[in-house]
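Written out below as structure tokens is the structure these notes cover.
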Amino acid sequence: MTTADSAPGSDFIRKIIVEDLKTNKFGGRVHTRFPPEPNGYLHIGHAKSICLNFGIAEEFGGLCNLRFDDTNPTKEEEEYVESIQEDVHWLGFDWGDRLFYASDYFDQLYEWAVQLIKDGKAYVDSLSAEEIREYRGTLTEPGKNSPYRDRSVEENLDLFERMRAGEFEEGAHVLRAKIDMASPNLNMRDPVMYRILHATHHRTGDQWCIYPTYDWAHGQCDSIEGITHSICTLEFEDHRPLYDWFLDQLGIHHPQQIEFARLNLSYTVLSKRKLLELVEGGYVTGWDDPRMPTLSGLRRRGYPPQAIRNFCERIGVAKTNSIIDISLLEHCVREDLNQRAPRVMAVLRPLKVVIDNYPEDQVEELEAVNNPEDPDMGTRKVPFSRVLYVERDDFREDPPKKWFRLAPGREVRLKHAYYVTCVDVVKDEQTGEVLELHCTYDPETRGGWSEDGRKVRGTLHWVSASHALDAEVRLYDRLFLKANPDEVDEEGADFKANLNPNSLETLTGCKVEPSLADAVPGDRFQFLRLGYFCVDPDSTDGRLVFNRTVPLRDSWAKIEKTLKGR
RNA sequence: UCGGGGGUCGUCUAAUGGUAGGACAAGGGACUUUGGAUCCCUCGGUCGAGGUUCGAGUCCUCGCCCCCGAGCCA
């Protein structure tokens with residue numbers, strides 16, 4: 001077999017590592033890192049990177065560090081570093097005692113900067129930000145040297161020292177690498193290494209007022225930690241020559257940077273900027289809104305971490321820009337939950353059913369399997385009585401062709417219970433609305449089976465009216481209407497114009513079986529015939545709240561669609 | 001326009017120069033005490049033009065298309 005999902009380990013990055021191991025490039029070591037900037041919550045795109053970095057370390061008997069790339073105090077917050085750790089752990093990965101911060105290395109980075117200045121490879125520039133941009137040239141024209149480019153080593157050292165001491169305003173000076181203002185790679189046109197930022201850092205406080213840029217920090221941090229393979233996304237490809245340059249000038253351990261294509265998912269957005277906009281604009285209830293592609297949102301939605309890991313394994317790793325169909329993610333979720341989620345019965349839109357020939361005060365405890373996919377999950381008792389609720393959608397007064405559910409005169413099976421036949425329909429005289437159904441049951445079919453070989457095509461879920469628990473159920477749908485939310489018709493509109501107005505439907509007065517009384521937030525279930533649901537943290541003692549994780553495939557919807565199409 | 005990176009079924013992803021395979025999606029069927037799940041089948045692809053070769057997705061040449069890059073963001 002040569003499929004992506006049956007042969008994890010065949011992607012181009014793992015091939016490079018296998019080759020490096022063969023040639024003993026890093027002394028047989030494999031050491032990766034996941035380097036998030038703590039300026040937002042992790043989303044499923046990060047999960048791809050986490051699974052890649054931690055997964056590779058695991059597979060090759062190596063290590064993977066968690067390192068916060070906290071070089072910009074104006075955007076980073078402690079709240080994010082906490083959520084990021086929680087999310088990585090939730091996915092099932094562990095960094096042991098290797099939790100690091102770029103800020104751990106600020107002293108070393110400063111010393112190395114001084115070394116580059118002494119070597120004549122870095123200088124303090126006093127051009128304004130705007131001037132620096134002008135001097136940089138364009139994509140097609142070379143840049144020109146700053147008039148400050150040839151300051152003496154002594155002057156550079158003095159200025160840099162005073163930058164650190166806080167003598168200057170933000171923007172007055174920057175430290176730049178002295179490389180080549182004519183390079184066709186703009187990253188090599190004397191990139192900025194340090195900028196003055198009079199900001200309080202979430203970890204170093206006011207100890208520093210100059211902060212290293214990503215380019216100056218990243219490779220050196222990798223080097224300090226002994227990283228062998230520094231895996232990042234495609235947009236850093238152009239930075240690799242710079243990554244290599246710094247390491248070469250310093251003559252320190254030189255990891256290999258490898259770039260791969262970031263994850264894109266249909267019907268969703270995966271950019272921190274846009275996610276932040278959804279949160280701050282109140283389009284969702286927060287970072288953990290179950291409609292968000294954030295790990296905290298998916299967690300609240302009920303997505304199991306293993307499903308996300310399986311998904312990340314299946315999508316593969318390559319350099320091709322791609323958009324993964326969200327149905328693959330949903331498939332992975334169903335696949336996982338099908339094996340593990342206990343089945344229960346819940347009626348979302350209740351329709352009262354009276355079993356006319358069932359004894360008034362009788363209650364039977366019927367046995368129900370918890371998961372037909374896994375007998376070890378055992379059975380439970382479900383109460384059955386004279387008055388029940390069934391799903392409103394499961395009754396049609398004028399049943400169309402191929403309708404095997406309830407209708408006047410029709411016999412159906414109540415799951416785990418009895419065969420019942422609809423004998424009467426009570427309607428509101430004014431509105432015509434169906435108020436309740438009257439049925440008779442066949443006592444010989446207890447457990448849902450008939451000895452006489454009689455066939456019933458339809459099986460319905462139900463709850464006993466007097467035993468059922470009330471619940472609120474939140475039905476989630478895709479957050480966006482278009483596969484590509486950025487595709488907008490009107491001018492001036494943006495991705496928010498494609499928000500799905502029906503991405504959340506809240507149902508109250510739902511009825512669930514009494515065994516759910518002990519359910520706690522995070523518990524996942526399959527509501528028979530409906531889908532997978534989990535208990536939301538909004539639940540209180542007397543009031544259960546469920547989130548729909550993902551619906552079951554509804555094949556009736558398909559039949560109806562084709563019937564209508566004719 | 002300059003530099004970098006890409007282009008294989010609808011969507012992803014495989015294929016020492018040797019039968020283009022798998023997954024998801026779609027369509028059909030079997031089965032079923034969830035119209036669920038499961039199982040089976042079908043549909044469907046190498047960006048284009050030349051060249052090398054017994055043989056090219058793979059090698060060469062020339063095109064075409066897409067993505068990234070001009071933050072003191074990462």
Side-chain angles (χ1 to χ4, degrees), chain A residues 1-7 10-11 35-37 39 69 71-72 74-76 125 127-129 132-134 136-143 170-171 173-176 183-189 191-197 210-211 213-215 217-218 232-241 259 261 266 272 314-332 334-335 338-339 343 345 368-369 372-373 402-405 413-417 445 447-449 456-461 483 526-531 551-559 562:
Chain A
M1 294 268 268
T2 52
T3 63
D5 57 308
S6 65
S10 60
D11 62 77
E37 182 189 11
N39 69 341
D69 219 331
T71 57
N72 187 348
T74 65
K75 292 188 176 174
E76 296 148 7
D125 196 358
L127 250 27
S128 68
I132 286 180
R133 192 183 336 117
E134 283 162 10
R136 187 156 31 227
T138 68
L139 294 176
T140 52
E141 307 157 56
E170 289 187 11
H173 310 281
V174 291
L175 183 74
R176 291 231 252 172
S183 171
N185 181 345
L186 300 247
N187 295 121
M188 300 299 272
R189 319 241 265 226
V192 171
M193 295 167 63
Y194 275 96
R195 71 284 212 194
I196 299 171
L197 252 26
I210 57 171
Y211 290 91
T213 56
Y214 165 86
D215 284 315
H218 205 91
C232 61
T233 44
L234 251 29
E235 67 270 27
F236 293 105
E237 230 158 1
D238 283 342
H239 293 245
R240 184 163 16 102
E259 312 84 12
S266 61
K272 283 190 193 172
R314 286 197 186 203
I315 58 177
V317 181
K319 298 193 75 158
T320 325
N321 285 308
S322 62
I323 301 170
I324 309 286
D325 194 328
I326 192 144
S327 60
L328 178 60
L329 212 209
E330 292 171 347
H331 167 82
C332 291
R334 288 194 189 97
E335 184 180 55
N338 179 46
Q339 292 304 316
R343 272 60 170 170
M345 293 197 285
V369 287
E373 303 290 325
K402 295 191 180 179
W403 177 265
F404 300 126
R405 306 180 188 181
R413 171 190 299 115
L414 293 182
K415 180 77 178 175
H416 307 307
T445 58
W449 190 252
V456 247
R457 292 293 298 270
T459 301
L460 270 43
H461 60 278
Q526 184 196 99
F527 286 180
L528 228 58
R529 300 207 302 138
L530 297 174
L552 244 22
R553 285 214 198 77
D554 179 2
S555 24
W556 167 251
K558 204 188 207 173
I559 292 169
T562 57

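Protein chains get the first letters and strands the later ones, always in sequence-line order, with residue 1 at the start of each. Just so you know, these numbers use all the heavy atoms, side chains as well, and skip hydrogens, waters and symmetry mates.
Within the 4.0 Å cut-off from OP1 or OP2 of B/G27, at least one side-chain nitrogen or oxygen of A/K558 is found. Within the 4.0 Å cut-off from OP1 or OP2 of B/C73, not a single side-chain nitrogen or oxygen of A/T74 is found. In this model, the phosphate group of B/U33 is not approached by any side-chain N or O of A/H416 to a distance below 4.0 Å at OP1 or OP2. Put simply, A/R136 has no side-chain N or O that comes within less than 4.0 Å of OP1 or OP2 on B/G69. Considering only side-chain N and O atoms, A/R553 lies under 4.0 angstrom from the phosphate OP1 or OP2 of B/A37. For B/G36, neither phosphate oxygen OP1 nor OP2 lies less than 4.0 angstrom from any side-chain nitrogen or oxygen of A/R343.
A 4.5 Å side-chain heavy-atom check between A/E237 and A/K319 finds at least one atom pair inside the cut-off. Contact check for A/H173 versus A/Y194: no side-chain heavy atoms found under the 4.5 Å cut-off.
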(message) As a check on the pairing definition, encode RNA chain B in dot-bracket form, counting Watson-Crick and G-U wobble pairs whose two distances are under 3.5 Å, and using | for partners outside this strand.
(response) .((((((..((((....[..)))).(((((.......)))))....(((((..]....))))))))))).....

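Residue A/P241 is classed as having no contact, given no heavy-atom separation below 4.0 Å to the nucleic acid. Note on A/H239: a base of the nucleic acid sits closer than 4.0 angstrom, heavy atoms only. Residue contacts shown for A/S128 include a base, since a base heavy atom lies under 4.0 Å away. At a threshold of 4.0 angstrom between heavy atoms, the contacts of A/L528 include nucleobase atoms, whether or not backbone atoms are also involved. Note on A/H461: nothing from the nucleic acid sits closer than 4.0 angstrom, heavy atoms only.
Applying the side chain to side chain contact (heavy atoms under 4.5 Å, CB included) criterion to A/I324, with sequence neighbours excluded, gives A/L263, A/L265, A/F311, A/I315, A/S322, A/L328. Residues passing the side chain to side chain contact (heavy atoms under 4.5 Å, CB included) test with A/A368 are A/R380, A/V382, A/H416, sequence neighbours excluded.
Put simply, the side chain of A/R405 and the base of B/G35 share a donor and an acceptor less than 3.5 Å apart. Judged by atom type and distance alone, A/E235 does not reach the base of B/G5 through any side-chain donor-acceptor pair under 3.5 Å. Residue-to-nucleotide contacts include no donor-acceptor pair under 3.5 Å from the side chain of A/N185 to the base of B/G4. Donor-acceptor pairing under 3.5 Å, judged by distance alone, is present between the side chain of A/Q526 and the base of B/U34.
Applying salt bridge (Lys or Arg N to Asp or Glu O under 4.0 Å) to A/D125 and the options A/R189, A/R195, A/R176 leaves one that passes, A/R176.
Between the side chains of A/D325 and A/S327, at least one donor N or O lies within less than 3.5 Å of an accepting N or O.
Closest-nucleotide positions on RNA chain B for A/G448 and A/T320 were compared, and the one nearer the 5' end corresponds to A/T320. RNA chain B is contacted by both A/R413 and A/V192; A/R413 maps to the nucleotide lying nearer its 5′ end (nearest heavy atom per residue).
Here A/K75 does not pair with A/E37 in a salt bridge; the nearest charged N to carboxylate O distance is not below 4.0 Å.
Classification of B/G27 as anti follows from a glycosidic angle more than 90° from 0.
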